[in-house]
Each structure stands twice: as structure tokens, then as C-alpha cells.
**Q** 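What follows is a single structure, and I will ask about it in a moment.
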Protein chains: 2
Amino acid sequence: MIETLKQHITNRLGKLPDNVELVLPHFEELVAKKGTLLLQPGEVCKYVYFIVEGCLQVYVVDKNGNESTREFYVEEQWTTDIFGFQNQIPSSEYIRCVESCKLLRIHFTSFQQLTAAVPQFAAIYKQILEVSYNNTVYRVNTLTSLDALDRIKWLMDHKPKIMSRLSSKLIASYLGISAETLTRLKSKI
Amino acid sequence: MIETLKQHITNRLGKLPDNVELVLPHFEELVAKKGTLLLQPGEVCKYVYFIVEGCLQVYVVDKNGNESTREFYVEEQWTTDIFGFQNQIPSSEYIRCVESCKLLRIHFTSFQQLTAAVPQFAAIYKQILEVSYNNTVYRVNTLTSLDALDRIKWLMDHKPKIMSRLSSKLIASYLGISAETLTRLKSKI
DNA sequence: TTAAAGTCTTGACATATGTCAAGCGTTTTC
DNA sequence: GAAAACGCTTGACATATGTCAAGACTTTAA
């Protein structure tokens, strides 16, 4: 599992064999089965997770008990409640394994140490932050400026793997519509 | 105007008189009247704006010509198309003055220089990035998990100044509803 | 292997929100 | 100061989407 992370990091930064070896020992392997909750609202997020295999869902639950998915993360992506993690304050979101997962996680203390000590690690963090922010900006704009049918098309075009890999119920919770509406609209494409 | 920025920076970082003087000369004053477009889709964003006075709207236009506002920014806030700016690629959003504005702007070149040379400036940028990301995450979650009435209440609770300061049409475009629906729902509170 | 749980689809109906139009008051502009 | 533009509210109606229920199919777990 560590090998995947090593590859991921060197891909991003070019060859830097020295500092990679500083970083890797701080990660801990974690195998979690489908349905495992890694974080709940009110809880302080202590880890950043790197996905070696599987899929994580970040979501909230509304007053009627419906889930709204903010984002799905898959292989070679990083997941955490960034703001809650950085400030060590309670989260407002759930993080759940929607498939069996092989994960690597790094603890808050190690993370802070590394960003301070290893510039390349800080650079990766900044990169992740900027990309995450950009994705979330896109997410707001698609949610507000596209109707349900166009959001489905958007998802098929931009995240075809997510579309085919997850259940309709999960996809619907990401698109902000009911599973029934998703079924009906898909037949119109 | 520069004095406001100086105050803003020292408030954030404590006293650091030396480096502030390195930063300030890179900013340029800009007065823009209501309606001025600072950025359009397809255009590469060359500046980061600091608002001394006024209000900026970041929005997109959908296929029917309707505006969807992603965010409003007011006094002492920073506005830019972060991702497009950092990567110098075309934006997908508009940035517009919805009031007469007094702004300070810093050019891409200066910005890169300063983040590389002045750690405190890089720290402010990281802070802004994290807060912006967090706000946008909240925005996704309120859009998908709250109905229109609860989104109005959310806005009144969390951004009362925005609510009273801007037109119903603008507020509605932020909430993802029509101006008529906003009128009707407000009477239910 | 079988029971239980979950998934997808479809129908009937309910509801929230949008659209268009009109009226009226306020603000802006020449 | 008059004309034009704009902003808010309300009504009538259209439409998109949600909710609930049922049936067929598939996957999971004992």
C-alpha cells in the first residue's frame, strides 16, 4: 500500500527520493469494510486519508433524514474535513466507506510536523487545497446553474467512473435529487 | 486605502512592521463604479482584489440567461478566481461590482514573488484559501440539504449584512431561487 | 440454500418553485 | 422635473421534482 503513495508523491513532484522517505513512515495502513464511518458530525477529524483502493463519501444528513453527498473520493485521492482538521474543531460532515477500502492515514501531529519541515509536502498540501477548492466552486456552480438533467449529463461527462461504480441512490444524493427522479431522467438521455 | 490593508494584515499576523512594508507597495488603488466587470468567463484573472469599500459578486450565467451567485464579498475580504489565477487559465465566472467600490489589487507576478519571498504573506494566502474552501463546502451543504425557506433563514442568521444591503434579485440569485419566491417565502417567517 | 435486505423501475398523486404579467412606488438620468 | 428604468409584491397558472407504494430483480448473510 505504501508503494502506491510513494508513486503518487513522486508523480506529483518529480523524483525526490530523499524526502519521500521522511514522509512515508508517518502513514499508517487501514483496511475498512463497506459502511465504516471514519468521521461523524461533532467529532474532531484527526486524520488525513489517502485512498489506495475503494471509495469514500463525504455527506451531511438533513432534517428529514436524507443524505446529501458533497463529494466522492476514489483511488489516489486525499480525504479529510480540511477545515476541521486544520483547526481541530468539530466536523459538520460524515465520512463513510461506500466500498471496502484500503487506506493510508496520517495523524494531525505528524501532518503539521511534515508541512513545517518538508517543503515538498507543504507544496502537495497546497496543491490539494487549491484543487479541492476549485472542485467545490464548480460544484456550487453546477448545483445552482444547471437543472437536474444537465447535472446528470455533467456527471456522466466529468466523472463517468463515479457514475457507473456507485448505486443510483448514492448518485442521486450527490446530484441533489431523489433516486426516482434520477431513474426517470436517465431514460430521457 | 492602503492603511486599511495594513491594518488588516497586522490584525491577522500580529505586529510585523518590517515585512508589511515589503508587501504594501505591490498594491494598486482602484475605484470602480457599480456594475463594473472585473472578470469575465474566458478571461484570465490577473489580479487579487482586496475590498476597502463596496461589494463584489462572483457569479455564472446559465443557459436561460439567469445569474447564479456563488459568493458576495465585502469590506476587508479578498476576491479572485483563485484557481484560474494560480494557474493563469481562463475563468468560468464573472466578478462584478454590485456597489461602487474602492479596491486594492495586486498583480499575478507580484503575488507569486511575495508568496515565495515573504512567509507571512504565504501564510495569509493559506489562511484565505482554507477559509474560502470551508465557506464553499458550507455553501454546497446548505444548497443541497436545506430547502429554500431554511436557506433564507440561514442567510439571515449568518450573513445579515448581505441580506439587508443587497437587492432581492441578488439575494435570490445567491439562494438559488427566483426573486418572486424570495418575496413569498420571506412573508412566512 | 434460503431468507432477508437492498436496488431499480414505474405509477399516481402532492408540493415547491418557476414563469409571466400587472400594478405601483422609488430611484436614476438627462 | 419629467421620463425612464428599476425594484418589490401579488395573482394565475405551468412545470419539475418529491413522496409513497408496489413489483421484479439482485446481492448479502446466516
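The chains referred to below are lettered A, B, ... by the order of the sequence lines, with proteins before strands, and numbering in each begins at 1.
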**Q** Write down the distance between NZ (B:Lys169) and P (D:dA5), rounded to a whole number of angstrom.
**A**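 In whole Å, D:dA5 P and B:Lys169 NZ are 14 Å from each other.
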
**Q** Between D:dC8 atom P and B:Ile171 atom CD1, what is the distance in whole Å?
**A**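 It is 9 Å, rounded to the nearest whole Å.
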
**Q** Do the side chains of A:Glu67 and A:Arg96 get close enough for a salt bridge, i.e. N-O under 4.0 angstrom?
**A**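 Yes, this pair counts.
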
**Q** Do B:Phe85 and B:Phe108 pass the ring pair (Phe, Tyr, Trp, His ring centres under 6.0 Å) test, and can you show the C-alpha distance, the side-chain angles, and the key distance before you say yes or no?
**A** CA-CA 7 Å; B:Phe85 177 79; B:Phe108 175 72; 5.3 Å; yes

**Q** Is the distance from OP1 or OP2 of D:dG7 to the nearest side-chain N or O of B:Ser168 less than 4.0 Å?
**A**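 Answer is no, no contact under 4.0 Å.
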
**Q** What is the separation between atom NZ on B:Lys34 and atom P on C:dT27, rounded to the nearest whole Å?
**A**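 For the pair B:Lys34 NZ and C:dT27 P, the rounded distance is 11 Å.
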
**Q** Rounding to an integer number of Å, can you tell me how far B:Leu166 CG sits from D:dG7 P?
**A**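 Rounded to the whole Å, the gap is 12 Å.
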
**Q** Are B:Tyr49 and B:Tyr73, when compared by the centres of their aromatic rings, separated by less than 6.0 Å?
**A**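 No, the ring of B:Tyr49 stays outside the 6.0 Å limit from the ring of B:Tyr73, centre to centre.
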
**Q** Identify, with sequence neighbours excluded, every residue that meets salt bridge (charged side-chain N to carboxylate O under 4.0 Å, His left out) alongside A:Glu76.
**A**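 With neighbours one apart ignored, the set is empty.
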
**Q** Starting at atom NZ of B:Lys188, determine the distance to atom P of D:dT9, rounded to an integer number of angstrom.
**A**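 Between P of D:dT9 and NZ of B:Lys188: 15 Å.
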
**Q** Nucleotides 17-19 of chain D: which of its N/O atoms have a protein N/O under 3.5 Å away?
**A**
from   : atom 1 : to       : atom 2 : distance (Å)
D:dT17 : OP1    : A:Ala148 : N      : 3.3
D:dG18 : OP1    : A:Ser178 : N      : 3.2
D:dG18 : OP2    : A:Ser178 : N      : 3.0
D:dG18 : OP2    : A:Ser178 : OG     : 3.1
D:dG18 : OP2    : A:Thr181 : OG1    : 2.4
D:dT19 : O4     : A:Arg184 : NH2    : 2.9

**Q** Please enumerate all residues that pass side chain to side chain contact (heavy atoms under 4.5 Å, CB included) together with A:Thr69, with sequence neighbours excluded.
**A**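 By the side chain to side chain contact (heavy atoms under 4.5 Å, CB included) rule, A:Thr69 matches A:Gln57, A:Tyr59, A:Phe72, A:Ser173, A:Tyr174.
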
**Q** Per the salt bridge (Lys or Arg N to Asp or Glu O under 4.0 Å) rule, which among A:Glu53, A:Glu75, A:Glu29, A:Glu3 passes with A:Lys102?
**A**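 Of A:Glu53, A:Glu75, A:Glu29, A:Glu3, salt bridge (Lys or Arg N to Asp or Glu O under 4.0 Å) with A:Lys102 is met by A:Glu53 alone.
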
